Trainee: 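Below are the structure tokens for one structure; questions will follow.
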Amino acid sequence: MKINKEPTAFQERVYAALRRIPRGRVITYARLARTLACRSPRAVGQALRCNPFAPSVPCHRVISSNLTPGGYQGKTSGAQLRRKLALLKAEGVLFTGNRLADPRQLLGK
DNA sequence: CACCGATGTCCAA
DNA sequence: TTGGACATCGGTG
């Protein structure tokens, strides 16, 4: 695992979609997967997991459809996840406990 | 070819 | 409402 040599076509697609996300806005794995014409949010998460361009790629702007932060750097919780919340917070996206404070900031609406 | 992985959705208790 | 299992797509071994 952990191959950050050259991103595949699919990963490029995921990174491109993330780049089109404006600051102060977030998207869910399912929504992003849908944008990629995919039905598996896991495939999208896997691409972000490798994220050879982190943090150049705003992978921290991707959250779970259930309004949960999801994960960061391959971890669903811990200091890494905390950093993700801090990045979103710096963009104006606040999290209440373990849930998104304002789901209205979600893209795809 | 087989198993794992930042999820999602459905069913059962 | 909470917990568990299955489904789906791609990547890596």
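Since we're looking at a predicted model, the values are computed, not measured.
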Trainee: CG of A:Leu85 versus P of B:dA6: gap in Å, rounded?
Mentor: 17 Å

Trainee: In whole angstrom, what separates A:Arg49's CZ from C:dG10's P?
Mentor: 17 Å

Trainee: Nearest-nucleotide wise, let me know which of A:Pro41 and A:Ala9 is further upstream toward the 5' end of DNA chain C.
Mentor: A:Pro41

Trainee: Heavy atoms only, 4.0 Å cut-off, all strands: where does A:Thr28 land among base, sugar-phosphate and nothing?
Mentor: nothing

Trainee: I need the CG-P distance between A:Leu67 and B:dA6, as an integer number of Å.
Mentor: 20 Å

Trainee: Answer with base, sugar-phosphate or nothing: what part of the nucleic acid does A:Gly70 contact at a heavy-atom distance below 4.0 Å?
Mentor: nothing

Trainee: In whole angstroms, how far is the C1' atom of B:dT7 from the CZ atom of A:Arg42?
Mentor: 6 Å

Trainee: What is the minimum heavy-atom distance between A:Lys84 and A:Val62, and which atoms define it?
Mentor: NZ-O, 2.5 Å

Trainee: Determine which nucleotide pairs with C:dC9, using a 3.5 Å limit on both distances of a Watson-Crick or G-U wobble pair.
Mentor: B:dG5

Trainee: OP1 or OP2 of B:dT7 sitting under 4.0 Å from any side-chain N/O of A:Ser65?
Mentor: no

Trainee: So, does A:Ser40 get its side chain near the phosphate of C:dA7, meaning an N or O under 4.0 Å from OP1 or OP2?
Mentor: no

Trainee: Could you tell me if the side chain of A:Asn51 sits less than 4.5 Å from the side chain of A:Tyr15, heavy atoms only?
Mentor: yes

Trainee: Students often get this wrong, so: under 4.0 angstrom with heavy atoms, is A:Phe10 touching a base, only sugar-phosphate, or nothing?
Mentor: sugar-phosphate

Trainee: By nearest nucleotide on DNA chain B, pick out whichever of A:Ala30 and A:Ala43 is the more 5' one.
Mentor: A:Ala43

Trainee: State, with a plain yes or no, whether a side-chain heavy atom of A:Leu100 is found less than 4.5 Å away from one of A:Leu88.
Mentor: no

Trainee: Can you tell me if CG on A:Asp102 sees more than 12 non-hydrogen neighbours from other groups inside 6.0 Å?
Mentor: yes

